[in-house]
Protein chains: 2
Amino acid sequence: MQITRASDYAVRVMIHLASLPPSSTVRQSELSKATEVSGHFLSKVLQQLVRARLIRSQRGAGGGYALAASAAGISLLDVLEAMEGPVRLNQCIEEGPSCDRKSWCPAHQVWAEAQAAITNVLGAASMASLAARAKGMSYELHEKTVWISGVPKKLKKKRGRTN
Amino acid sequence: MQITRASDYAVRVMIHLASLPPSSTVRQSELSKATEVSGHFLSKVLQQLVRARLIRSQRGAGGGYALAASAAGISLLDVLEAMEGPVRLNQCIEEGPSCDRKSWCPAHQVWAEAQAAITNVLGAASMASLAARAKGMSYELHEKTVWISGVPKKLKKKRGRTN
DNA sequence: CCCAAATTGGACTGGGTTGGTCCGATTCAA
DNA sequence: TTGAATCGGACCAACCCAGTCCAATTTGGG
(Lines give C-alpha, C1' and ligand atoms only; values in the text may rest on other atoms or scores of the structure.)
Protein backbone atom coordinates (compact mmCIF):
# COMPACT_ATOMS: atom_id res chain seq x y z
CA MET A 1 0.00 0.00 0.00
CA GLN A 2 2.81 2.37 -0.70
CA ILE A 3 4.14 3.69 -3.95
CA THR A 4 7.74 2.84 -4.73
CA ARG A 5 10.59 5.28 -4.45
CA ALA A 6 10.96 5.11 -8.20
CA SER A 7 7.41 6.37 -8.63
CA ASP A 8 8.03 9.22 -6.26
CA TYR A 9 11.12 10.18 -8.19
CA ALA A 10 9.28 9.94 -11.48
CA VAL A 11 6.70 12.37 -10.20
CA ARG A 12 9.40 14.82 -9.18
CA VAL A 13 10.92 14.62 -12.62
CA MET A 14 7.64 15.17 -14.36
CA ILE A 15 6.73 18.13 -12.21
CA HIS A 16 10.11 19.66 -12.80
CA LEU A 17 9.78 19.27 -16.56
CA ALA A 18 6.24 20.59 -16.48
CA SER A 19 7.32 23.71 -14.70
CA LEU A 20 9.68 24.61 -17.54
CA PRO A 21 8.79 26.25 -20.85
CA PRO A 22 7.20 23.65 -23.11
CA SER A 23 9.57 21.18 -24.78
CA SER A 24 12.62 22.33 -22.90
CA THR A 25 15.29 19.66 -22.90
CA VAL A 26 16.99 18.92 -19.63
CA ARG A 27 20.07 16.86 -19.02
CA GLN A 28 19.95 13.96 -16.61
CA SER A 29 22.49 15.59 -14.33
CA GLU A 30 20.27 18.61 -13.99
CA LEU A 31 17.22 16.49 -13.23
CA SER A 32 19.26 14.61 -10.70
CA LYS A 33 20.13 17.80 -8.93
CA ALA A 34 16.60 19.18 -9.07
CA THR A 35 14.98 16.03 -7.73
CA GLU A 36 17.70 15.07 -5.29
CA VAL A 37 17.98 11.60 -6.74
CA SER A 38 21.20 9.76 -7.55
CA GLY A 39 21.97 10.01 -11.25
CA HIS A 40 22.47 6.30 -11.67
CA PHE A 41 19.13 5.42 -10.24
CA LEU A 42 17.38 8.26 -11.98
CA SER A 43 18.46 6.91 -15.34
CA LYS A 44 16.41 3.81 -14.74
CA VAL A 45 13.40 5.90 -13.83
CA LEU A 46 13.85 8.05 -16.90
CA GLN A 47 14.10 5.03 -19.13
CA GLN A 48 10.79 3.78 -17.86
CA LEU A 49 9.17 7.14 -18.45
CA VAL A 50 10.53 7.17 -21.98
CA ARG A 51 9.21 3.69 -22.65
CA ALA A 52 5.82 4.77 -21.35
CA ARG A 53 5.95 7.71 -23.80
CA LEU A 54 5.54 10.28 -21.09
CA ILE A 55 8.87 11.92 -21.92
CA ARG A 56 11.14 11.90 -24.94
CA SER A 57 14.88 11.54 -24.91
CA GLN A 58 17.51 13.11 -27.12
CA ARG A 59 20.85 11.37 -27.21
CA GLY A 60 24.29 12.74 -27.74
CA ALA A 61 25.79 16.09 -27.03
CA GLY A 62 23.20 18.68 -26.14
CA GLY A 63 20.68 15.92 -25.50
CA GLY A 64 18.41 15.37 -22.56
CA TYR A 65 14.81 14.72 -21.66
CA ALA A 66 11.63 16.61 -22.41
CA LEU A 67 7.92 16.10 -21.89
CA ALA A 68 6.36 14.10 -24.69
CA ALA A 69 2.96 15.75 -24.34
CA SER A 70 1.30 18.78 -22.84
CA ALA A 71 1.68 19.00 -19.11
CA ALA A 72 -2.03 19.51 -18.81
CA GLY A 73 -2.69 16.17 -20.42
CA ILE A 74 -0.61 14.08 -18.05
CA SER A 75 -2.03 13.14 -14.68
CA LEU A 76 -0.39 11.87 -11.56
CA LEU A 77 -2.17 8.62 -12.23
CA ASP A 78 -0.53 8.38 -15.64
CA VAL A 79 2.89 8.71 -14.09
CA LEU A 80 2.13 6.23 -11.36
CA GLU A 81 0.80 3.62 -13.75
CA ALA A 82 3.76 4.13 -16.03
CA MET A 83 5.98 3.10 -13.18
CA GLU A 84 3.94 0.44 -11.43
CA GLY A 85 1.42 -0.80 -13.90
CA PRO A 86 -2.31 -0.40 -13.42
CA VAL A 87 -3.55 0.33 -9.93
CA ARG A 88 -5.19 -2.77 -8.54
CA LEU A 89 -5.97 -2.64 -4.85
CA ASN A 90 -6.70 -6.31 -4.53
CA GLN A 91 -5.75 -9.20 -6.72
CA CYS A 92 -9.39 -9.88 -7.45
CA ILE A 93 -10.03 -6.42 -8.86
CA GLU A 94 -9.60 -6.66 -12.57
CA GLU A 95 -11.65 -6.95 -15.68
CA GLY A 96 -12.58 -10.38 -16.86
CA PRO A 97 -13.62 -13.42 -14.91
CA SER A 98 -10.41 -13.76 -12.97
CA CYS A 99 -11.85 -14.16 -9.50
CA ASP A 100 -14.67 -16.57 -9.03
CA ARG A 101 -15.37 -15.21 -5.57
CA LYS A 102 -16.18 -11.88 -7.18
CA SER A 103 -19.80 -12.73 -7.53
CA TRP A 104 -20.37 -13.18 -3.86
CA CYS A 105 -17.44 -11.80 -1.91
CA PRO A 106 -18.93 -8.81 -0.12
CA ALA A 107 -15.61 -7.04 0.22
CA HIS A 108 -15.05 -6.96 -3.51
CA GLN A 109 -17.22 -3.95 -4.00
CA VAL A 110 -15.50 -1.99 -1.27
CA TRP A 111 -12.09 -2.63 -2.77
CA ALA A 112 -13.43 -1.45 -6.10
CA GLU A 113 -14.85 1.65 -4.49
CA ALA A 114 -11.62 2.46 -2.75
CA GLN A 115 -9.73 1.98 -5.95
CA ALA A 116 -12.08 4.28 -7.80
CA ALA A 117 -11.62 6.88 -5.09
CA ILE A 118 -7.88 6.78 -5.45
CA THR A 119 -7.81 6.87 -9.22
CA ASN A 120 -10.23 9.77 -9.19
CA VAL A 121 -7.98 11.84 -7.00
CA LEU A 122 -4.79 10.96 -8.83
CA GLY A 123 -6.37 11.22 -12.24
CA ALA A 124 -7.55 14.74 -11.53
CA ALA A 125 -4.11 16.06 -10.69
CA SER A 126 -2.40 17.16 -13.87
CA MET A 127 1.28 17.90 -14.16
CA ALA A 128 0.38 21.40 -15.24
CA SER A 129 -1.57 22.10 -12.09
CA LEU A 130 1.13 20.63 -9.91
CA ALA A 131 3.78 22.64 -11.68
CA ALA A 132 1.76 25.77 -11.19
CA ARG A 133 1.46 25.03 -7.52
CA ALA A 134 5.19 24.38 -7.44
CA LYS A 135 5.82 27.76 -9.00
CA GLY A 136 3.93 29.46 -6.24
CA MET A 137 6.01 27.56 -3.75
CA SER A 138 9.31 27.99 -5.48
CA TYR A 139 8.71 31.69 -5.37
CA GLU A 140 8.90 31.49 -1.62
CA LEU A 141 11.82 29.19 -1.95
CA HIS A 142 13.56 31.65 -4.19
CA GLU A 143 13.03 34.41 -1.70
CA LYS A 144 14.53 32.22 0.94
CA THR A 145 17.56 31.40 -1.16
CA VAL A 146 18.20 35.02 -1.92
CA TRP A 147 17.89 35.96 1.70
CA ILE A 148 20.22 33.25 2.82
CA SER A 149 22.96 34.46 0.56
CA GLY A 150 22.46 37.97 1.98
CA VAL A 151 20.89 38.20 5.41
CA PRO A 152 20.26 35.57 8.14
CA LYS A 153 17.56 33.12 7.16
CA LYS A 154 14.71 33.28 9.60
CA LEU A 155 11.64 33.15 7.47
CA LYS A 156 11.22 29.45 7.97
CA LYS A 157 8.34 29.77 10.39
CA LYS A 158 6.59 32.15 8.06
CA ARG A 159 5.13 29.28 6.14
CA GLY A 160 1.66 28.82 7.45
CA ARG A 161 0.10 27.31 4.42
CA THR A 162 1.19 23.75 4.23
CA ASN A 163 -2.13 23.37 2.53
CA MET B 1 -0.26 -0.49 -4.37
CA GLN B 2 -1.84 -3.83 -3.66
CA ILE B 3 -2.91 -5.38 -0.43
CA THR B 4 -1.19 -8.61 0.49
CA ARG B 5 -2.78 -11.99 0.25
CA ALA B 6 -2.66 -12.20 4.03
CA SER B 7 -4.81 -9.08 4.29
CA ASP B 8 -7.29 -10.48 1.86
CA TYR B 9 -7.48 -13.67 3.88
CA ALA B 10 -7.87 -11.75 7.10
CA VAL B 11 -10.84 -9.92 5.67
CA ARG B 12 -12.43 -13.19 4.66
CA VAL B 13 -11.99 -14.51 8.17
CA MET B 14 -13.44 -11.42 9.77
CA ILE B 15 -16.45 -11.39 7.50
CA HIS B 16 -17.08 -15.02 8.16
CA LEU B 17 -16.92 -14.50 11.91
CA ALA B 18 -19.11 -11.44 11.67
CA SER B 19 -21.79 -13.32 9.84
CA LEU B 20 -22.14 -15.76 12.73
CA PRO B 21 -24.10 -15.25 15.94
CA PRO B 22 -22.09 -12.97 18.25
CA SER B 23 -19.17 -14.59 20.06
CA SER B 24 -19.42 -17.87 18.26
CA THR B 25 -16.13 -19.74 18.46
CA VAL B 26 -14.86 -21.28 15.27
CA ARG B 27 -12.04 -23.75 14.83
CA GLN B 28 -9.20 -22.95 12.53
CA SER B 29 -10.02 -25.89 10.31
CA GLU B 30 -13.48 -24.53 9.78
CA LEU B 31 -12.20 -21.08 8.96
CA SER B 32 -9.77 -22.61 6.57
CA LYS B 33 -12.55 -24.33 4.72
CA ALA B 34 -14.79 -21.28 4.71
CA THR B 35 -12.10 -18.94 3.40
CA GLU B 36 -10.38 -21.39 1.09
CA VAL B 37 -7.01 -20.72 2.67
CA SER B 38 -4.46 -23.32 3.66
CA GLY B 39 -4.63 -24.02 7.36
CA HIS B 40 -0.94 -23.53 7.95
CA PHE B 41 -0.88 -20.11 6.40
CA LEU B 42 -4.15 -19.12 7.95
CA SER B 43 -2.73 -19.72 11.40
CA LYS B 44 -0.24 -16.94 10.83
CA VAL B 45 -2.99 -14.62 9.74
CA LEU B 46 -5.08 -15.53 12.75
CA GLN B 47 -2.19 -14.92 15.08
CA GLN B 48 -1.78 -11.44 13.72
CA LEU B 49 -5.47 -10.74 14.15
CA VAL B 50 -5.27 -11.97 17.72
CA ARG B 51 -2.29 -9.76 18.46
CA ALA B 52 -4.18 -6.80 17.00
CA ARG B 53 -7.04 -7.65 19.34
CA LEU B 54 -9.51 -7.99 16.55
CA ILE B 55 -10.28 -11.58 17.44
CA ARG B 56 -9.80 -13.68 20.54
CA SER B 57 -8.53 -17.21 20.68
CA GLN B 58 -9.51 -20.04 22.94
CA ARG B 59 -6.97 -22.79 23.31
CA GLY B 60 -7.43 -26.43 24.00
CA ALA B 61 -10.20 -28.79 23.13
CA GLY B 62 -13.32 -27.02 22.01
CA GLY B 63 -11.28 -23.92 21.40
CA GLY B 64 -11.20 -21.66 18.40
CA TYR B 65 -11.46 -18.06 17.35
CA ALA B 66 -14.13 -15.45 17.91
CA LEU B 67 -14.56 -11.76 17.27
CA ALA B 68 -13.15 -9.66 20.07
CA ALA B 69 -15.60 -6.82 19.56
CA SER B 70 -18.90 -6.06 17.92
CA ALA B 71 -18.85 -6.57 14.20
CA ALA B 72 -20.30 -3.11 13.75
CA GLY B 73 -17.30 -1.56 15.43
CA ILE B 74 -14.65 -3.10 13.19
CA SER B 75 -14.00 -1.59 9.82
CA LEU B 76 -12.23 -2.92 6.79
CA LEU B 77 -9.57 -0.33 7.49
CA ASP B 78 -9.04 -1.77 10.95
CA VAL B 79 -8.42 -5.20 9.53
CA LEU B 80 -6.13 -3.90 6.83
CA GLU B 81 -4.04 -1.89 9.24
CA ALA B 82 -3.85 -4.80 11.63
CA MET B 83 -2.17 -6.75 8.89
CA GLU B 84 -0.06 -4.15 7.14
CA GLY B 85 0.38 -1.31 9.54
CA PRO B 86 -0.94 2.17 8.92
CA VAL B 87 -1.85 3.08 5.36
CA ARG B 88 0.74 5.44 4.00
CA LEU B 89 0.55 6.05 0.27
CA ASN B 90 3.92 7.71 0.04
CA GLN B 91 6.87 7.60 2.35
CA CYS B 92 6.56 11.31 3.00
CA ILE B 93 3.00 11.07 4.25
CA GLU B 94 3.19 10.77 7.98
CA GLU B 95 2.81 12.87 11.04
CA GLY B 96 5.79 14.74 12.28
CA PRO B 97 8.49 16.55 10.37
CA SER B 98 9.79 13.51 8.57
CA CYS B 99 9.96 14.89 5.07
CA ASP B 100 11.56 18.25 4.55
CA ARG B 101 10.23 18.44 1.03
CA LYS B 102 6.74 18.36 2.46
CA SER B 103 6.59 22.09 2.71
CA TRP B 104 7.03 22.68 -0.95
CA CYS B 105 6.56 19.42 -2.80
CA PRO B 106 3.35 20.06 -4.72
CA ALA B 107 2.48 16.39 -5.01
CA HIS B 108 2.44 15.95 -1.25
CA GLN B 109 -1.05 17.26 -0.89
CA VAL B 110 -2.40 15.04 -3.63
CA TRP B 111 -0.95 11.95 -2.00
CA ALA B 112 -2.54 13.01 1.25
CA GLU B 113 -5.86 13.53 -0.47
CA ALA B 114 -5.74 10.15 -2.14
CA GLN B 115 -4.90 8.53 1.13
CA ALA B 116 -7.79 10.25 2.84
CA ALA B 117 -10.09 9.05 0.09
CA ILE B 118 -9.04 5.48 0.56
CA THR B 119 -9.23 5.48 4.33
CA ASN B 120 -12.66 7.07 4.14
CA VAL B 121 -14.00 4.30 1.99
CA LEU B 122 -12.38 1.50 3.95
CA GLY B 123 -13.17 3.04 7.30
CA ALA B 124 -16.85 3.26 6.44
CA ALA B 125 -17.20 -0.43 5.68
CA SER B 126 -17.94 -2.28 8.88
CA MET B 127 -17.70 -6.01 9.28
CA ALA B 128 -21.36 -6.02 10.23
CA SER B 129 -22.42 -4.38 6.99
CA LEU B 130 -20.23 -6.69 4.95
CA ALA B 131 -21.55 -9.72 6.75
CA ALA B 132 -25.09 -8.56 6.12
CA ARG B 133 -24.30 -8.14 2.47
CA ALA B 134 -22.75 -11.59 2.49
CA LYS B 135 -25.92 -13.00 3.98
CA GLY B 136 -27.96 -11.47 1.19
CA MET B 137 -25.60 -13.02 -1.28
CA SER B 138 -25.36 -16.35 0.39
CA TYR B 139 -29.11 -16.46 0.27
CA GLU B 140 -28.95 -16.25 -3.48
CA LEU B 141 -26.04 -18.61 -3.37
CA HIS B 142 -28.09 -20.99 -1.32
CA GLU B 143 -30.90 -20.83 -3.81
CA LYS B 144 -28.45 -21.52 -6.54
CA THR B 145 -26.98 -24.45 -4.70
CA VAL B 146 -30.39 -25.91 -4.13
CA TRP B 147 -31.31 -25.43 -7.74
CA ILE B 148 -28.17 -26.98 -8.99
CA SER B 149 -28.80 -30.09 -7.02
CA GLY B 150 -32.27 -30.10 -8.50
CA VAL B 151 -32.84 -28.21 -11.73
CA PRO B 152 -30.51 -26.45 -14.23
CA LYS B 153 -28.91 -23.29 -12.83
CA LYS B 154 -29.65 -20.25 -14.89
CA LEU B 155 -30.30 -17.50 -12.40
CA LYS B 156 -26.83 -16.02 -12.77
CA LYS B 157 -27.89 -13.00 -14.77
CA LYS B 158 -30.53 -12.19 -12.20
CA ARG B 159 -28.07 -10.21 -10.16
CA GLY B 160 -28.34 -6.69 -11.45
CA ARG B 161 -27.37 -5.01 -8.27
CA THR B 162 -23.61 -5.00 -8.19
CA ASN B 163 -24.13 -1.80 -6.31
C1' DC C 1 36.73 12.66 -38.87
C1' DC C 2 37.10 12.27 -34.21
C1' DC C 3 36.13 13.53 -29.58
C1' DA C 4 33.32 14.63 -25.89
C1' DA C 5 28.74 14.73 -24.21
C1' DA C 6 24.91 12.38 -23.36
C1' DT C 7 21.50 8.59 -23.23
C1' DT C 8 20.78 3.35 -23.38
C1' DG C 9 20.42 -1.05 -21.65
C1' DG C 10 21.54 -4.22 -18.89
C1' DA C 11 24.18 -6.85 -15.07
C1' DC C 12 24.73 -7.10 -10.45
C1' DT C 13 23.79 -6.80 -5.41
C1' DG C 14 22.16 -6.58 -0.66
C1' DG C 15 18.32 -6.46 1.82
C1' DG C 16 13.58 -6.87 2.60
C1' DT C 17 8.87 -8.75 1.73
C1' DT C 18 5.65 -12.27 0.33
C1' DG C 19 3.48 -16.48 0.47
C1' DG C 20 3.81 -20.59 2.26
C1' DT C 21 5.11 -25.03 5.00
C1' DC C 22 6.10 -27.41 9.07
C1' DC C 23 6.61 -28.64 13.82
C1' DG C 24 7.18 -28.74 18.74
C1' DA C 25 5.20 -26.48 22.89
C1' DT C 26 1.29 -25.21 25.33
C1' DT C 27 -3.38 -25.14 26.95
C1' DC C 28 -7.74 -26.90 28.05
C1' DA C 29 -11.83 -30.08 28.48
C1' DA C 30 -13.49 -34.46 29.10
C1' DT D 1 -4.17 -38.43 31.12
C1' DT D 2 -5.20 -37.93 26.62
C1' DG D 3 -6.51 -35.82 22.62
C1' DA D 4 -8.12 -31.59 20.53
C1' DA D 5 -6.84 -27.29 19.52
C1' DT D 6 -4.14 -22.95 19.38
C1' DC D 7 0.60 -20.74 19.89
C1' DG D 8 4.86 -19.24 18.46
C1' DG D 9 8.06 -19.53 16.13
C1' DA D 10 11.80 -21.44 12.44
C1' DC D 11 12.43 -22.14 7.92
C1' DC D 12 12.16 -21.62 2.89
C1' DA D 13 12.05 -20.15 -2.16
C1' DA D 14 10.92 -16.66 -4.93
C1' DC D 15 10.38 -12.25 -5.88
C1' DC D 16 10.71 -7.09 -5.53
C1' DC D 17 13.08 -2.82 -4.18
C1' DA D 18 16.57 0.48 -4.22
C1' DG D 19 20.65 1.40 -5.72
C1' DT D 20 25.31 1.05 -8.12
C1' DC D 21 28.03 0.52 -11.98
C1' DC D 22 29.68 -0.03 -16.62
C1' DA D 23 30.13 -0.72 -21.49
C1' DA D 24 27.77 0.44 -25.81
C1' DT D 25 25.62 3.70 -28.63
C1' DT D 26 24.29 8.08 -30.49
C1' DT D 27 24.94 12.81 -31.57
C1' DG D 28 26.72 17.56 -32.12
C1' DG D 29 30.61 20.30 -32.78
C1' DG D 30 35.41 21.55 -33.65
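Just so we're on the same page: letters track the sequence lines, and every chain starts at 1.
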Original post:
Considering residues, nucleotides and ligands other than Arg56(A), do more than 12 of their heavy atoms fall under 6.0 Å from its CZ?
Top reply: no

**OP:** Please tell me which of Tyr9(A) and Arg56(B) maps to the more 5' nucleotide of DNA chain D, matching each residue to the nucleotide holding its nearest heavy atom.
**Re:**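 Result of the comparison: Arg56(B).
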
Shortest side-chain distance from [X], nucleotide among [options]:
X	options	answer
Gln28(A)	dT7(C), dT6(D), dT21(C)	dT7(C)
Thr4(B)	dT25(D), dG28(D), dT18(C)	dT18(C)
Arg59(B)	dT6(D), dG8(D), dG19(C)	dT6(D)
Lys44(B)	dT20(D), dT21(C), dT8(C)	dT21(C)
Phe41(A)	dG19(C), dT7(C), dT20(D)	dT20(D)
His40(A)	dT8(C), dC21(D), dT21(C)	dC21(D)
Ala61(A)	dC28(C), dC21(D), dA5(C)	dA5(C)

Is any side-chain N or O of [X] closer than 4.0 Å to OP1 or OP2 of [N]?
X	N	answer
Tyr65(A)	dT8(C)	yes
Ser43(B)	dT6(D)	no
Arg27(B)	dA5(D)	yes

Original post:
Is Ser29(B) touching bases, backbone alone, or none of the nucleic acid, heavy atoms closer than 4.0 Å?
Top reply: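 Touches nothing.
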
**OP:** Answer yes or no: is there a side-chain heavy-atom contact under 4.5 Å between Met1(A) and Leu89(A)?
**Re:** yes

